[in-house]
Enquirer: 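Attaching a single structure in structure tokens format; questions to follow.
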Amino acid sequence: MTRVSSSSFISRALSSSSNLSELRRAHALVICLGLDSSDFFAGKLIDKYSQFREPASSLSVFRRVSPAKNVYLWNSIIRAFCKNGLFPKALEFYGKLRESKVSPDKYTFPSVIKACAGLFDAKMGDLVYEQILEMGFESDLYVGNALVDMYARMGLLGRARQVFDEMPVRDLVSWNSLISGYSSHGYYEEALDGYNELRKWWIVPDSFTVSSVLPAFGNLLVVKQGQGLHGFALKSGVNSVVVVNNGLLAMYLKFSRPTDARRVFDEMVVRDSISYNTIICGYLNLEMYEESVRFFLENLDQFKPDMLTASSVLRACGHLRDLRLAKYVHEHVLRAGFVLDTTVKNILIDVYAKCGDMITARDVFKGLECKDTVSWNSIINGYIQNGDLLEAMRLFKLMMMIMEEQADHVTYLMLISVSTRLADLKFGKGLHSNVTKSGISFDLSVGNALIDMYAKCGEVGDSLKVFNSMGTRDTVTWNTVISACVRFGDFATGLQVTTQMRKSEAVPDMATFLVTLPMCASLAAKRLGKEIHCCLLRFGYESELRIGNALIEMYSKCGCLESSFRVFERMSRRDVVTWTGIIYAYGMYGEGEKALEAFVEMEKSGIVPDSVVFIAIIYACSHSGLVEEGLACFEKMKTHYKIDPMLEHYACVVDLLSRSQKISKAEEFIQAMPIKPDASIWASVLRACRTSGDMETAERVSRRIIELNPDDPGYSILASNAYAALRKWDKVSLIRKSLNDKLIKKNPGYSWIEICKKVHVFRAGDTSAPQSEAIHKSLEILYSLMAKEGYVPDSRDVSQNLQEEEEKRRLICGHSERLAIAFGLLNTEPGTPLQVMKNLRVCGDCHEVTKLISKIVGREILVRDANRFHLFKDGTCSCKDRW
DNA sequence: CTAGGGTTAG
């Protein structure tokens, strides 16, 4: 054989060797023929060995060649290291190359760049880029592509795009690298834009393009275009590649179209374990836990489950709370010989905890040789979920001792919720200072949790302090602060924050509406309530059940029974809360018959009444004088629906009897109650006594109250009021004195009225209010007109020991609702209806006065007191004097 | 030189 023919024979033998032993035989031949010092054969061998994952052999070949190596050999060895993931080695040899006399060429750089990318070494990458620029290789297609890929992989998409834009020539790989970078770092819009741009240039995508852009389609939920791409994949044949099909599976699962995903899966000719995992995990994310597990079990013999399979199936078991299945999968994975990594063990902790098996969860936790933050978080969370808050705290303290710096925002979030649930302010404050020290306080969710914690521990001030110190706020932040204000009855701040939120970037969600609507209801802020209603229409929440329920309450408490009913009528779905809302609304307006009709309709519609709806219906009967009907409801609740009455039900029945002057019946009823009555129950009887003038009973009741509950301030105030009405001032001052000693103050009364988008608040006897003088003057005129109608002031409701009758009258005349009404009369056009809100009940005299005012000035006056609505019209009230 | 699947809270 001639030398030429033998070298071409060996060259062919080298190229065609399809496994390592063939390659080794060819290598031996090369050595036999003394060709191993040839740059050409050495280069071939290095390449071939790297192909068979034998970088060590590549290196020994490289070393055997004469010291004067050409650039081709250098490129081969760098490429060999790179291909086998030995990136530090690749960079080391690139360094050696630069130290030698040989200068790199454009074929050197793709591997070097890949090595930088593999090591996520942006500094080195930048340095290499500079060297490329110095040598003028930046316009090479392959170098450019490698650079785009490197920056894209590192998540530096801006730089990737810059290199891409500066490339004089691009090919499909350039596009693919860019799109894949966008896609895998969550820049789905950019990935999609890139794909559309590429299509604009009439470039035909390949399997890389398709599989890179599919996650973007899936996450952006662009269903139509996704289906189009699926069609393209079928037509172009790129769907013969398993990666593309796996991408299609994942996309359809993201679209929540498991059936479509299943169709793709069934039509796949080649499947790998990722195909199976994608389905199992996709079902899991769609909360199709049974399907996920079933698919796994049915296909056990079709593929080789790995740890990713295990983690998905186990999570499904956790959601299903299926301990037996979890243990089965756990054992199965162990039997298959997998060494479980920390991630799977962390999942196991969570799964066992979810199944309520804290003993096994703890065992897995104990068996973890390197516990990470998630391990600790998972076991702590397990105890929290299982209600053992103290053990959770104990473990947290242990964690802090062992590795404080590893506690992350999830750790703090969980423990802040523990301190909130335990109302443990001291612990919560400690967590707050820990978070501040650890430097993760800027985390939004932690800030939100702290706001909630302080609010629920009773520290609104600190709650607002955290809120004000937060640099960024999200919807949850705003919702939490508003509900904190509402919880404390600080509606002024609540309103302020709501206004601030509307001016901010924050997008309201369901919770926003579910907290602001009740706030409007409490404030009777009709205008704001309506605005919020419009707002939630714009955001598409009108069909939500809970929103409808909140709207019914808001409108009814704002004096718009009709709007309330309109919301009710439009609701496509109604639950017991909905019906309670509308029944309560009718009750507040004295529409007892309509309330009863609604109750019957509710029963007909198949809704089972709960204990709350009975409170609403008895309340409604009570406020409309429907005594028999109310009592019938109470009986029905006990006997037919087997609901044990609560204190509130008894209170309603006592109220029902008292309002209709069935005082002795009320007394009997109280005596027979199985539960100890409270102040509100006696109050109903006392009020009834005062209305009817049955002072004998009033005194008897008062005495009993004091005897039964000498220390309760609520009862004492009641009794004192009763004695005041009986004009037994000595007893009044005795009780008052003991109350003062206990530093107990009665809730001061106030009223408010909304005029020209502004809320005006009035306090009893307040002379500092706006237009005070004009108000008093107009009230004087009204009183003289009332006197002509036969009005005599009734001072029974003035509970203070005021010797001067005149002084008493002045106080009554100063009751806050009168000031608000007078203010309303002065500041609106004649004939305009007025709406006044009061935080307490309307007193008897004010009720009379308002009736007369409505007649004298010819206006409708709607008053909402603590209890219900009174519509005063032409000298009468809608409550028919039952309040 | 380019592609796909897993963990804790609310």
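To find a chain, count down the sequence lines: A is the first, B the second, and so on, and within it residues start at 1. We use all heavy atoms of the structure for the numbers below, so side chains are in, but hydrogens, waters and symmetry mates are not. What you are looking at is a predicted structure, and each value in this text was computed from that prediction instead of being measured.
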Enquirer: Which nucleotide, B:dT2, B:dT7, B:dC1, lies nearest any side-chain atom of A:F208?
Expert: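 So the side chain of A:F208 is nearest to B:dT2.
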Enquirer: Classify the nucleic acid contact of A:I347 as base, sugar-phosphate or nothing, counting any heavy atom under 4.0 Å across all strands shown.
Expert: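 If one applies the 4.0 Å heavy-atom cut-off, A:I347 turns out to touch the sugar-phosphate alone, with no base involved.
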Enquirer: Quick one: label A:N245 by what it contacts on the DNA or RNA (base, sugar-phosphate, nothing), any heavy atom closer than 4.0 Å.
Expert: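 No contact at all - A:N245 keeps every heavy atom at 4.0 Å or more from the nucleic acid.
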Enquirer: Figure out the CG/P separation between A:N381 and B:dA9, and round it to whole Å.
Expert: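 Value for this atom pair: 4 Å.
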Enquirer: Roughly, in whole Å, what's the span from NE2 in A:H185 to P in B:dT2?
Expert: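 To the nearest whole Å, that distance equals 15 Å.
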Enquirer: Starting from C1' on B:dG6, measure out to CG on A:L340 and report it in whole angstrom.
Expert: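 The answer, rounded to whole Å, is 13 Å.
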Enquirer: B:dT7 C1' sits how many Å from A:K354 NZ, rounded?
Expert: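 Interatomic distance, NZ of A:K354 to C1' of B:dT7: 10 Å.
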Enquirer: Check this one for me: any side-chain N or O of A:R315 less than 4.0 Å away from OP1 or OP2 of B:dT7?
Expert: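 The answer is yes; a side-chain N or O of A:R315 sits under 4.0 Å from OP1 or OP2.
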Enquirer: Looking only at side-chain atoms of A:S211, point me to the closest of B:dA9, B:dA3, B:dG6.
Expert: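 Shortest atom-to-atom distance from the side chain points to B:dA3.
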Enquirer: Just say parallel, tilted or perpendicular for the rings of A:Y252 and A:F255, cut-offs at 30° and 60°.
Expert: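 Geometry flag for A:F255 against A:Y252: perpendicular rings.
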Enquirer: Determine the contact category for A:T343: base if any of its heavy atoms lies under 4.0 Å from a base atom, sugar-phosphate if only primed atoms, P, OP1 or OP2 are that close, otherwise nothing.
Expert: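 Here A:T343 touches the bases of the nucleic acid.
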Enquirer: Ignoring hydrogens and geometry beyond distance, is the side chain of A:S212 in donor-acceptor contact with the base of B:dA3 at under 3.5 Å?
Expert: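 Absent.
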Enquirer: For A:K345, answer base if it contacts any base atom (sugar-phosphate contacts may also be present), sugar-phosphate if it contacts only those atoms, and nothing otherwise; contact means non-hydrogen atoms under 4.0 Å.
Expert: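 No contact at all - A:K345 keeps every heavy atom at 4.0 Å or more from the nucleic acid.
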Enquirer: Under the rule for side chain to side chain contact (heavy atoms under 4.5 Å, CB included), what residues qualify as partners of A:H409, not counting sequence neighbours?
Expert: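 Partners of A:H409 by the side chain to side chain contact (heavy atoms under 4.5 Å, CB included) criterion, ordered by chain and then number, come out as A:I440, A:D443, A:S445, A:V446.
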Enquirer: With sequence neighbours excluded, what pairs up with A:K345 under the side chain to side chain contact (heavy atoms under 4.5 Å, CB included) test?
Expert: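 For A:K345, the residues satisfying side chain to side chain contact (heavy atoms under 4.5 Å, CB included) (neighbours in sequence not counted) are A:L340, A:V364, A:L368, A:E369.
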Enquirer: Give the rounded distance in Å between these two atoms: CG of A:L514 and P of B:dG10.
Expert: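 Answer to the nearest Å: 19 Å.
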Enquirer: Hey, can you pull the residues of residues 163-178 of chain A with a non-hydrogen atom under 4.0 angstrom from DNA chain B?
Expert: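 Those residues are A:V173, A:N176, A:S177.
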Enquirer: Does A:D322 have any side chain to side chain contact (heavy atoms under 4.5 Å, CB included) partners at least two apart in sequence or in another chain, and if so, which?
Expert: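 Partners of A:D322 under the side chain to side chain contact (heavy atoms under 4.5 Å, CB included) test: A:L320, A:R324, A:L325.
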Enquirer: Can you measure A:L253 atom CG to B:dG6 atom C1' for me and round it to whole angstrom units?
Expert: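 Value for this atom pair: 15 Å.
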Enquirer: Go through B:dA9, B:dT8, B:dC1 for me and flag the one nearest to the A:H409 side chain.
Expert: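 In terms of side-chain proximity for A:H409, the closest of B:dA9, B:dT8, B:dC1 is B:dA9.
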Enquirer: Starting the side chain at C-beta, find the nucleotide from B:dT8, B:dT2, B:dA9 nearest to A:S445.
Expert: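 Closest of the options to the side chain of A:S445: B:dA9.
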Enquirer: Nearest whole angstrom, please: distance from the P of B:dG10 to the CG of A:D408.
Expert: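 After rounding, the gap between these two atoms is 14 Å.
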Enquirer: Describe the nucleic acid contact of A:V344 in one word from base, sugar-phosphate, nothing, applying a heavy-atom distance below 4.0 Å.
Expert: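 Contact class for A:V344: base.
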Enquirer: In terms of ring plane angle, is the pair A:F109 and A:F137 parallel, tilted or perpendicular, where the classes change at 30° and 60°?
Expert: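 The arrangement is tilted - the two ring planes meet at 30° to 60°.
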Enquirer: I need the full list of side chain to side chain donor-acceptor pair (under 3.5 Å) pairs touching residues 377-395 of chain A, with sequence neighbours left out, sorted by first then second residue.
Expert: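 Counting only pairs at least two positions apart or across chains, the side chain to side chain donor-acceptor pair (under 3.5 Å) contacts touching residues 377-395 of chain A are A:R362-A:Y383, A:R362-A:E391, A:N377-A:D408, A:N377-A:T411, A:N381-A:Q385, A:E391-A:R394.
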Enquirer: Please check if the side chain of A:D350 supplies one atom and the backbone of A:N346 the other of a donor-acceptor pair under 3.5 Å.
Expert: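 It does not hold such a pair.
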Enquirer: Would you say A:R79 reaches B:dC1's phosphate, i.e. side-chain N/O to OP1/OP2 under 4.0 Å?
Expert: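 No.
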Enquirer: Have a look at A:V241 and say if it touches a base, only the backbone sugar-phosphate, or nothing, with a 4.0 Å heavy-atom cut-off.
Expert: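 Base, at least one base heavy atom under 4.0 Å.
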Enquirer: Would you kindly give the CH2-to-P distance between A:W478 and B:dG10, to the nearest whole Å?
Expert: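 Taking CH2 of A:W478 and P of B:dG10, I get 24 Å after rounding.
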Enquirer: Any donor-acceptor pair under 3.5 Å joining the side chain of A:N448 to the base of B:dG10?
Expert: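 No, no donor-acceptor pair under 3.5 Å.
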Enquirer: Stacking between B:dC1 and A:Y142, yes or no? Criterion: centroid separation under 5.5 angstrom, plane angle under 30 degrees.
Expert: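 No; centroid distance or tilt outside limits.
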Enquirer: Heavy atoms only, 4.0 Å cut-off, all strands: where does A:S180 land among base, sugar-phosphate and nothing?
Expert: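 Answer is sugar-phosphate: A:S180 comes under 4.0 Å of backbone atoms only.
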Enquirer: In terms of ring plane angle, is the pair A:F265 and A:F295 parallel, tilted or perpendicular, where the classes change at 30° and 60°?
Expert: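 The arrangement is perpendicular - the two ring planes meet at more than 60°.
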Enquirer: Could you tell me which residues satisfy side chain to side chain contact (heavy atoms under 4.5 Å, CB included) with A:K89, sequence neighbours excluded, listed by chain and number?
Expert: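 Applying side chain to side chain contact (heavy atoms under 4.5 Å, CB included) to A:K89 gives A:F81, A:L86, A:E92, A:F93.
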